[in-house]
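Taking it in order: structure first as C-alpha cells, then the write-up.
The structure displayed is predicted, hence computed values, not measured ones. Read the numbers this way: they start at 1 and go in the same order the structure lists the ligands and their atoms.
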Amino acid sequence: MDKRKLILDCDPGHDDAIGILLAGRDPSIDLMGITVVSGNQTIDNTVRNALNVCQYLGLDVPVYPGSPNSLVRVRPPVAADIHGSTGLDGPVFEPLTRKAEGKHEALYIVDALRAAEEPVTIATTGPMTNLALAMRLAPDILPKIKEVAFMGGSYGLGNVTPAAEFNIITDAEAAYVVFNSGCKLTMVGLDVTRKVLCLPSVVERMERIGNRASRLFVDLVKFFNKTQKEIFGWEGGPLHDPLTIAWLIDPSVLTLKPMHCTVDIRGTEGYGRTNCDYFGYHKQTPNVDVAVEVDVAKFWDIIEEGIRRYD
Ligand code: BDR
Ligand code: CA
C-alpha cells in the first residue's frame, strides 16, 4: 500500500495527543513530522507535550516548534480551563529525553515540501498560524500540498463565542490565508466533532485493551472528560482532533459537502466565524469540503484499532 505522506500540525492538548497516537502507527500513514503551534497552551508547553507523547509511545518522529503568537493579533488566552496548566494534565510522563528540532516549523514545512517527490498531506488540529506563514513565505510549495485536512470551524455554533471555534478564532487571519490558498481543504468542524463524545462506555472499552497506548488514552480522557463536564455539561468530552486523522485513515467515517466558506476577520462579534454557504445559495465555487455527518461507531472502531497497534 502506498503510504500517505503526512505532516501533523497540532497544539497538544488532550485530543491532539490522541491524534498523534492514531497517526503514529497507522500503516496507511507516513508521519514525516509533527509541527507544533501554541494554542491550547503556550508554545513551550505544547512542544513539551508533543515530545512526551512521542517518547511515551516510542514514536521516532521529529517535532518542530512553531510560533508563540498569531499572525496579526495578540494570541487570545490559552485553554487551561479545558487542558490544564500543562496543556496535557492527567498522564504522568517519565523524564523527557527527546528534544525538539532546531528549525522553526514554518521553515520545516517549506523545506519538506520543496524536497518532497510527491505531494504531502497536511493535517492541522490547532491554529493555522504556521501553515499560513509557510504559504505566504513560499507560495511555490502550494502545488506540493496534496490536501489540508483540519479540525476547526463550524457551520453551526462555535465553542469560544457563539460564532467561532477555538482553532479558528485563535488565529482567524491565518485561517483566512489557508481558506483562500486554493488548496484542497477538508473541514472537520464542531458540527461533527461534537458527536464523538467519549462516554464512560468508550473509556471502559479502550481501557480493556490494556496496552501502553490504552493507558495513555484513558489517563488523557479521564482528565478531559472532567473539564468538559464542568464547562459544557457533557458526560463525555468530544474527541475533536482525532476525527480528522480518522478521516485520513478511512474517509467513509465522514460525509462531506462542498461549500463556499469564508473566515470572518473583521473584528466584530463574528470574528473567527467560518461562514459556510450550506445551501450554495450564492452560487460561488465551493472551496472547502465540509464534514456534515459522522459514523460514530466506525470512529470508535478506528480509535480502538489505532490503540491496538501499540505493544
Ligand atoms: C479544538 O480546540 C482545542 O481545544 C482542541 O484541541 C481542538 O483542536 C476544538 O475547538
Ligand atoms: Ca487541538
Side-chain angles (χ1 to χ4, degrees), residues 7-23 34-43 45-50 53 63 66-67 70 75-90 105 122-131 148-172 174-175 178 186-198 217 220-221 223-232 234 236-247 263 271-274 290-291 294:
I7 295 174
L8 172 54
D9 189 25
C10 55
D11 63 333
H14 294 72
D15 49 342
D16 300 85
I18 297 167
I20 295 174
L21 183 158
L22 214 52
I34 296 175
T35 54
V36 182
V37 61
S38 59
N40 282 326
Q41 259 297 341
T42 60
I43 190 69
N45 282 332
T46 53
V47 168
R48 191 201 51 243
N49 294 341
V53 170
V63 172
S67 297
S70 302
R75 206 70 146 186
V78 297
D81 52 345
I82 305 272
H83 299 275
S85 61
T86 64
L88 211 57
D89 281 16
E105 86 154 80
I122 300 187
T124 68
T125 62
M128 291 169 157
T129 313
N130 297 295
L131 178 55
V148 179
F150 64 93
M151 190 285 131
S154 159
Y155 59 84
L157 287 172
N159 57 358
V160 175
T161 68
E165 182 277 335
F166 180 84
N167 289 339
I168 305 292
I169 200 172
T170 299
D171 197 342
V178 175
T186 301
M187 171 170 138
V188 184
L190 295 174
D191 317 285
V192 284
T193 66
R194 277 193 176 123
K195 295 183 181 164
V196 288
L197 298 177
C198 197
F217 179 92
L220 287 167
V221 297
F223 181 87
F224 188 61
N225 277 354
K226 193 161 68 66
T227 58
Q228 290 285 337
K229 168 116 176 129
E230 282 162 10
I231 296 169
F232 296 106
W234 334 94
L239 277 199
H240 304 286
D241 295 339
L243 186 51
T244 298
I245 310 301
W247 177 74
V263 181
Y271 177 75
R273 174 162 180 79
T274 47
V290 180
V294 52

How about Phe223 and His83: are their ring centroids closer than 6.0 Å?
no
Between ligand 1 and the protein, which N/O pairs are shorter than 3.5 Å?
{"unit_1": "ligand 1", "atom_1": "4 (O)", "unit_2": "Asn40", "atom_2": "OD1", "d": "2.6"}
{"unit_1": "ligand 1", "atom_1": "4 (O)", "unit_2": "His83", "atom_2": "NE2", "d": "3.1"}
{"unit_1": "ligand 1", "atom_1": "6 (O)", "unit_2": "Asp15", "atom_2": "OD1", "d": "2.6"}
{"unit_1": "ligand 1", "atom_1": "6 (O)", "unit_2": "Asp15", "atom_2": "OD2", "d": "3.2"}
{"unit_1": "ligand 1", "atom_1": "6 (O)", "unit_2": "Asp16", "atom_2": "OD1", "d": "3.0"}
{"unit_1": "ligand 1", "atom_1": "6 (O)", "unit_2": "Asn40", "atom_2": "ND2", "d": "3.0"}
{"unit_1": "ligand 1", "atom_1": "6 (O)", "unit_2": "Asp241", "atom_2": "OD2", "d": "3.1"}
{"unit_1": "ligand 1", "atom_1": "8 (O)", "unit_2": "Thr125", "atom_2": "O", "d": "3.1"}
{"unit_1": "ligand 1", "atom_1": "8 (O)", "unit_2": "Asn167", "atom_2": "ND2", "d": "3.0"}
{"unit_1": "ligand 1", "atom_1": "8 (O)", "unit_2": "Asp241", "atom_2": "OD1", "d": "2.6"}
{"unit_1": "ligand 1", "atom_1": "8 (O)", "unit_2": "Asp241", "atom_2": "OD2", "d": "3.1"}
{"unit_1": "ligand 1", "atom_1": "10 (O)", "unit_2": "Asn159", "atom_2": "ND2", "d": "2.8"}
{"unit_1": "ligand 1", "atom_1": "10 (O)", "unit_2": "Glu165", "atom_2": "OE2", "d": "2.4"}

Distance-only polar pair, side chains of Arg75 and Thr129, donor-acceptor under 3.5 Å
yes
Strictly distance-based, threshold 3.5 Å: is any side-chain N or O of Asp191 a donor or acceptor partner for the main-chain N or O of Gly156?
yes
Which atom of Gly126 lies closest to which atom of Asp16, heavy atoms considered:
N-OD2, 4.4 Å
First locate atom CG of Asp241, then atom CG of Asp15, and finally report the distance between them rounded to the nearest 0.5 Å.
3.5 Å
Thr46 and Asn49 side chains, donor-acceptor separation under 3.5 Å:
no
Nearest heavy-atom neighbours spanning Pro127 and Gly39
CG-CA, 4.1 Å
Passing option when Pro12 is tested against Asn40, Val36, Val37 for side chain to side chain contact (heavy atoms under 4.5 Å, CB included)
Val36
Keeping to distances under 3.0 Å, can you name the protein N/O/S atoms close to the Ca ion (ligand 2)?
Asp11 OD1, Asp16 OD1, Asp16 OD2, Thr125 O, Asp241 OD2
Are the side chain of Gln41 and the backbone N or O of Ala80 linked by a donor-acceptor pair below 3.5 Å?
no
